[in-house]
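Worksheet: one structure, shown below.
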Amino acid sequence: MNRSHVTTALETALSSVLDRPVTELRGGTRLFDDLHLDSTTMLEMLMELEDSLGLEVDPEELDADDFETVDTFTDFALAQLSAEHGQAA
């Protein structure tokens, strides 16, 4: 799994939960300020990504810093996916 794959999945998930096209995300795009996510849409986005990427996230362990920008979220998702695959081995 690479950054491009995660970003594409993020665009698809955001398009679905925001009910509008979200394309060409940039690393510095702020999820809450620029895309107007709130806590509900963030959780919906995570559920979409669980389906598309196999990402498993415990909402109790979320850190707001991980959801600041597209880059911070992508780093978070890649770390989660890497940890999950490491545990499965």
Side-chain angles (χ1 to χ4, degrees):
M1 182 93 37
N2 62 32
R3 295 187 79 76
S4 176
H5 188 92
V6 172
T7 302
T8 299
L10 181 58
E11 287 177 345
T12 301
L14 287 169
S15 294
S16 176
V17 301
L18 296 174
D19 200 28
R20 63 180 165 87
V22 176
T23 58
E24 299 182 24
L25 286 177
R26 305 274 187 254
T29 301
R30 297 170 299 172
L31 298 176
F32 288 93
D33 295 335
D34 297 333
L35 297 177
H36 309 291
L37 285 184
D38 58 26
S39 58
T40 302
T41 52
M42 185 216 26
L43 290 174
E44 290 173 359
M45 177 193 76
L46 286 172
M47 291 186 331
E48 292 274 338
L49 292 171
E50 285 178 353
D51 292 340
S52 64
L53 296 176
L55 183 67
E56 293 182 26
V57 178
D58 179 356
E60 297 296 319
E61 296 180 11
L62 296 176
D63 185 340
D65 292 342
D66 294 326
F67 296 88
E68 187 173 334
T69 66
V70 170
D71 274 346
T72 59
F73 179 78
T74 301
D75 291 341
F76 167 79
L78 288 170
Q80 289 293 313
L81 290 165
S82 177
E84 290 167 18
H85 290 285
Q87 290 176 356

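Everything numeric in this text was worked out from a predicted model, so none of it was measured. Residues take their numbers from the sequence shown, with the count starting at 1.
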Would you tabulate the side-chain donor-acceptor contacts of residues 17-28 under 3.5 Å, counting partners in other chains and residues two or more places apart, or write 'none'?
unit_1 : atom_1 : unit_2 : atom_2 : d
Arg20  : NH2    : Leu35  : O      : 3.1

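A distance-only check finds no donor-acceptor pair linking the side chain of Ser16 to the backbone of Thr12 [under 3.5 Å].
In the hydrophobic clustering of ILVMFWY residues, with side-chain heavy atoms under 4.5 Å counting as a link, Val57 and Met47 come out apart.
When side chains are defined from C-beta on, Leu46 counts as touching Phe67, because their heavy atoms get closer than 4.5 Å. Between Asp63 and Phe76 the shortest side-chain heavy-atom distance does not fall below 4.5 Å. Side chains of Val6 and Leu78 form a contact here, defined as non-hydrogen atoms less than 4.5 Å apart. Counting heavy atoms from C-beta on, the side chains of Val70 and Leu31 come closer than 4.5 Å.
Applying the side chain to side chain contact (heavy atoms under 4.5 Å, CB included) test to Asn2 and every residue at least two apart in sequence or in another chain returns Ser4, His5.
Taking both residues in full, the closest heavy atoms of Leu53 and Leu81 are given as O-CD2, 3.7 Å, listed atom of the first, atom of the second, then distance. Between Glu56 and Gln80, the shortest heavy-atom distance links the atoms O-OE1, 3.6 Å. The two atoms that bring Glu48 and Ala13 nearest to each other are CB-CB, 3.6 Å, heavy atoms only. Heavy atoms only, all atoms of each residue included: Phe32 and Leu37 are closest at CD2-O, 3.0 Å.
The CE atom of Met45 lies 12.0 Å from the OG atom of Ser15; values are rounded to the nearest 0.5 Å. To the nearest 0.5 angstrom, Leu55 atom CG is 6.5 Å from Glu50 atom CD.
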Would you please test Asp75 and Arg3 for side chain to side chain contact (heavy atoms under 4.5 Å, CB included) and show each step? CA-CA 8 Å; Asp75 291 341; Arg3 295 187 79 76; 2.6 Å; yes
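Inspection of the Asp38 and Thr41 side chains reveals an N or O donor paired with an N or O acceptor under 3.5 Å.
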